[in-house]
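Numbers restart at 1 for each chain; the letters A, B, ... are given by sequence-line order, proteins then strands.
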Protein chains: 2
Amino acid sequence: MNKLNRKVEYALIGLKHMRAKTPGELTSVKELSQTYGVPFEAASRVMQVLAQKGVLRSEQGAHGGYMIARDLARLSFHDLTEMLLGPVAVARCLDEEKDAGCEMRGTCNIISPVTTLNRRLLEFYKGLSVAELLEPRARQTPQAAPTLEQEVRTEL
Amino acid sequence: MNKLNRKVEYALIGLKHMRAKTPGELTSVKELSQTYGVPFEAASRVMQVLAQKGVLRSEQGAHGGYMIARDLARLSFHDLTEMLLGPVAVARCLDEEKDAGCEMRGTCNIISPVTTLNRRLLEFYKGLSVAELLEPRARQTPQAAPTLEQEVRTEL
DNA sequence: GTTATATACGACAAAAAAGATCGTATATGA
DNA sequence: TCATATACGATCTTTTTTGTCGTATATAAC
């Protein structure tokens with residue numbers, strides 16, 4: 001139920017890899033694929049989406065690749081998953097696009113609980129920045145710079 | 001990635017249904033199945049697990065059924081999912097039982113982020129009581145009785 | 001200009017997970 | 001003793017996820 005989606009995994013792998021490089025240095029998908037053993041095509045697709053959404057900047061041609069184009073402290077885990085997987089919906093009936101009409105409309109007694117869970121999960125994901133995930137040292141809140149007090153916390 | 005497991009759905013449906021009854025009154029799986037259109041066998045299995053874990057009490061024979069046997073305010077969402085699905089693990093490598101040996105051991109660069117995410121998700125689920133989920137009026141913390149201040153909060 | 005290397009993207013195939021069902025055993029109230 | 005309920009192992013089906021193939025396009029290096 002809680003398993004991390006592969007697309008998100010590949011995104012994290014790529015972002016962590018790029019974060020360690022000097023600003024401006026590019027990373028090709030081939031490099032990621034060879035270093036971490038991730039499938040080229042699948043990872044490629046993920047980086048494309050991230051580039052299209054402005055998280056990465058892509059450079060084509062020989063010696064091309066990707067680089068981080070946005071402050072990851074201001075990118076929430078929610079933003080990331082939404083880009084790659086669409087809206088967070090713990091049940092199909094909460095996803096207007098995919099909802100083919102729930103067969104137990106009218107008799108369902110847990111719409112309220114399910115909605116509550118979805119809302120709480122959304123809040124949780126929105127409050128978790130990708131930067132914090134990649135660098136557990138600092139607990140940062142997306143859309144806000146980390147305070148000194150937060151910077152100091154120890155890892156794990 | 002975030003879709004609610006059916007087993008958990010059936011559990012919530014059953015628990016919400018039973019919560020509305022007078023103490024001591026039984027609910028048969030047939031009743032649940034007919035009322036909400038959930039598959040009998042699948043729902044039955046869920047109730048059995050819940051009974052085995054002490055959340056429900058089962059009564060066999062004619063006019064038998066299930067009733068709630070435990071304070072749902074002291075049952076966390078984490079407890080519920082663990083009973084039905086096993087330990088929360090956002091990646092296979094975090095689930096000792098199911099881990100068949102990750103092929104990118106040694107090269108993986110996101111074990112730390114994945115572990116962090118798993119820990120945070122666990123905290124989130126542990127801090128969310130089933131009672132709160134079923135009755136959004138009151139925000140209750142599992143393992144602790146709700147305070148008056150918390151009782152007062154309005155729904156949604 | 002040509003070539004090597006990279007991204008871009010639609011369509012399809014394979015694998016894995018989730019979900020539903022079947023069959024049978026057991027308990028018990030009417 | 002029969003109707004109705006839970007208990008539970010095994011298996012089949014469906015859905016979802018994941019990976020692959022083929023082709024087009026962009027561009028730096030030569």
Ignoring backbone atoms, test whether [X] places a side-chain nitrogen or oxygen under 4.0 Å from the OP1 or OP2 oxygen of [N].
X: A:R92; N: D:dT16; result: yes
X: B:N5; N: C:dA17; result: no
X: A:S28; N: C:dT5; result: no
X: A:S44; N: C:dA8; result: no

Side chains of [Y] and [X]: any donor to acceptor distance under 3.5 Å?
X: A:D79; Y: A:S76; value: yes
X: B:E41; Y: B:S44; value: no
X: A:H78; Y: A:E123; value: no

Starting at [atom1] of [X] and ending at [atom2] of [N], how long is that distance when rounded to a whole Å?
X: B:L26; N: D:dT4; atom1: CG; atom2: P; answer: 17 Å
X: B:Q48; N: C:dT26; atom1: CD; atom2: P; answer: 15 Å
X: A:R45; N: D:dT18; atom1: CZ; atom2: C1'; answer: 11 Å
X: A:H63; N: C:dT7; atom1: NE2; atom2: P; answer: 13 Å
X: B:M67; N: D:dA5; atom1: CE; atom2: C1'; answer: 16 Å
X: A:L56; N: C:dA6; atom1: CG; atom2: C1'; answer: 15 Å
X: B:F40; N: C:dC22; atom1: CZ; atom2: C1'; answer: 13 Å
X: B:Y10; N: C:dG19; atom1: OH; atom2: P; answer: 7 Å

Counting the atoms with a prime plus P, OP1 and OP2 as sugar-phosphate, which does B:K30 contact under 4.0 Å by heavy atoms, base, sugar-phosphate, or nothing?
sugar-phosphate
Residue whose nearest DNA chain C nucleotide is more 5′ - B:A42 or A:T27
A:T27
Strictly below 4.0 Å, N to O, side chains only: are B:D95 and B:R92 in salt-bridge contact?
no
Are B:E9 and B:K7 ion-paired here, with the side-chain N under 4.0 Å from a carboxylate O?
no
Looking only at the side chain of A:Y66 (C-beta and beyond, no hydrogens), which of the listed nucleotides C:dT21, C:dT7, D:dT16 gets closest?
C:dT7
B:K3 side chain: which of D:dA7, D:dT16, D:dT4 is closest?
D:dT16
NZ/B:K21: more than 12 non-hydrogen atoms of other groups inside 6.0 Å:
yes
With DNA chain D as reference, determine whether B:E59 or A:E41 sits nearer its 5' end, using the nearest nucleotide of each.
B:E59
Suppose we screen for salt bridge (Lys or Arg N to Asp or Glu O under 4.0 Å). Which residues come up paired with B:E82, at least two apart in sequence or across chains?
none
Would you sketch DNA chain D in dot-bracket for me? Only Watson-Crick or G-U wobble pairs with both distances under 3.5 Å count, crossing pairs as [ ], other-strand pairs as |, the rest as dots.
||||||||||||||||||||||||||||||
